[in-house]
Amino acid sequence: MTLRMHSLGRNYRALIIGSSGALGQAFCQHLRSDPNCALINELGRSTAIPLDLEEPDSISAAAASLSSSAPYQLILLATGLLHREGVEPEKSLKTINPDALQSVFQVNALGPAIVMREFLPLLDTHGAMAVMSARVGSISDNRLGGWYAYRASKAALNMLIKTAAIEHARRHPNARLLSLHPGTVQSDLSHPFRGARAARPAKQAAAELLSVIDHSSPNDSGGLFAYDGKRIEW
């Protein structure tokens, strides 16, 4: 089944940041098959124009390089850090490591803040920008504890998105800036963990998230939504 986005108009331009990840690749696959999509630009650490969330200057440079293709009707930030060498989700407060905490915040909150600063000006006045967040960033939904850095960084990301959405709406009331919870997706991020057994294919998750974006309205801007379209409270 071919996915078709309806809310972005015909010949819309899309920009995928984090296009090499499982979700990023799946987003690109769907958008390439959409007859309404006229252009897809991809950004990541290894793309022709590199963008690395841990190198803020690369974010600014990438935005400047792609400004000639603006405005974009769709911008997706499909990145996140839960674990890598030297970074593991904390099971208790005593295992918090300052270096790991800084790394997680850089990728999950600080880098995305610079992305919004640089790329929101390239968004069409009726366009949508969506950032991959996580349900565990909801303070009211936290019932299990643990995962300090990941939870806190996603909570910070949600606040950054909410605040940016309020500011952006003052000049562009018809645009949408959304925080999205993809759920557990089959990817390197989820692979080592128990929940990975119930993970959904990235292509399915990407289609669900694109549908959420397509059915959203400017009134939803600044909100956190799950892959099934349900709003998640802060």
Side-chain angles (χ1 to χ4, degrees), residues 1-44 47-49 51 59 62-80 112 115-116 118-133 161 164-165 168-169 171-183 185-187 200-231:
M1 180 178 179
T2 299
L3 182 145
R4 187 189 294 261
M5 301 286 282
H6 298 283
S7 68
L8 304 174
R10 292 187 177 181
N11 298 318
Y12 69 85
R13 298 182 179 94
L15 172 63
I16 314 301
I17 302 172
S19 59
S20 64
L23 261 181
Q25 291 181 47
F27 281 134
C28 291
Q29 290 172 5
H30 282 302
L31 295 174
R32 288 192 195 102
S33 70
D34 185 352
N36 285 336
C37 185
L39 172 72
I40 303 173
N41 279 333
E42 303 178 29
L43 287 174
T47 50
I49 300 172
L51 186 152
I59 302 173
S65 295
L66 294 182
S67 61
S68 61
S69 300
Y72 294 94
Q73 286 71 42
L74 177 64
I75 300 176
L76 298 174
L77 178 57
T79 57
V115 167
M116 287 188 286
E118 298 294 333
F119 284 94
L120 264 177
L122 305 186
L123 184 67
D124 187 88
T125 56
H126 288 73
M129 180 174 184
V131 180
M132 298 306 111
S133 183
I161 292 168
H168 195 69
R171 295 185 62 187
H172 306 292
N174 295 309
R176 292 161 281 164
L177 175 56
L178 305 171
S179 180
L180 299 182
H181 165 60
V185 178
Q186 293 173 4
S187 67
R200 300 168 356 272
K203 193 169 184 178
Q204 175 186 339
E208 292 165 343
L209 293 166
L210 288 170
S211 178
V212 173
I213 296 168
D214 207 29
H215 288 87
S216 67
S217 75
N219 290 333
D220 296 318
S221 192
L224 170 61
F225 296 89
Y227 57 89
D228 59 3
K230 294 180 180 178
R231 184 184 289 268

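In this text the structure is predicted, and so the values were computed from the model without any measurement.
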- Task: Please lay out, stage by stage, how Tyr72 and Asn41 fare under the test side chain to side chain contact (heavy atoms under 4.5 Å, CB included).
- Result: CA-CA 10 Å; Tyr72 294 94; Asn41 279 333; 2.9 Å; yes
Is the closest side-chain heavy-atom distance between [X] and [Y] below 4.5 Å?
| X | Y | value |
| --- | --- | --- |
| Leu74 | Leu210 | yes |
| Leu120 | Met129 | yes |
| Phe27 | Leu209 | yes |
| Asn36 | Leu8 | no |
| Phe119 | Leu77 | no |
| Thr125 | Asn174 | no |
| Thr79 | Val115 | no |

[X] versus [Y], closest heavy-atom pair with distance:
| X | Y | result |
| --- | --- | --- |
| Ala206 | Ala26 | CB-CB, 3.6 Å |
| Arg200 | Pro182 | NH2-O, 2.8 Å |
| Gly24 | Ile16 | O-CG2, 4.0 Å |
| Ser7 | Ile213 | OG-O, 4.2 Å |
| Leu178 | Ile161 | C-CG2, 4.2 Å |
| Arg32 | Glu42 | NH2-OE2, 2.6 Å |

Distance in Å, [X] [atom1] paired with [Y] [atom2], rounded so as to fall on 0.5 Å steps:
| X | Y | atom1 | atom2 | answer |
| --- | --- | --- | --- | --- |
| Phe225 | His181 | CZ | NE2 | 13.5 Å |
| Ile75 | Met116 | CD1 | CE | 11.5 Å |
| Leu39 | Asn11 | CG | CG | 10.5 Å |
| Ile17 | Ser19 | CD1 | OG | 9.5 Å |
| Gln73 | Leu123 | CD | CG | 8.0 Å |

Sub-3.5 Å donor-acceptor pair from the side chain of [X] to the main-chain atoms of [Y], do we have one?
| X | Y | result |
| --- | --- | --- |
| Glu208 | Asp228 | no |
| Ser221 | Leu177 | yes |
| His172 | His168 | no |
| His6 | Asp214 | no |

- Query: Do you see a donor-acceptor pair shorter than 3.5 Å between the side chains of Tyr12 and Asp34?
  - Reply: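 Present: a donor and an acceptor within the cut-off.
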- Quick one: do the Gln25 and Gln29 side chains pair a donor with an acceptor below 3.5 Å? no
- Sidechain N-carboxylate O distance under 4.0 Å for Asp220, Arg231: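 Salt bridge present between Asp220 and Arg231.
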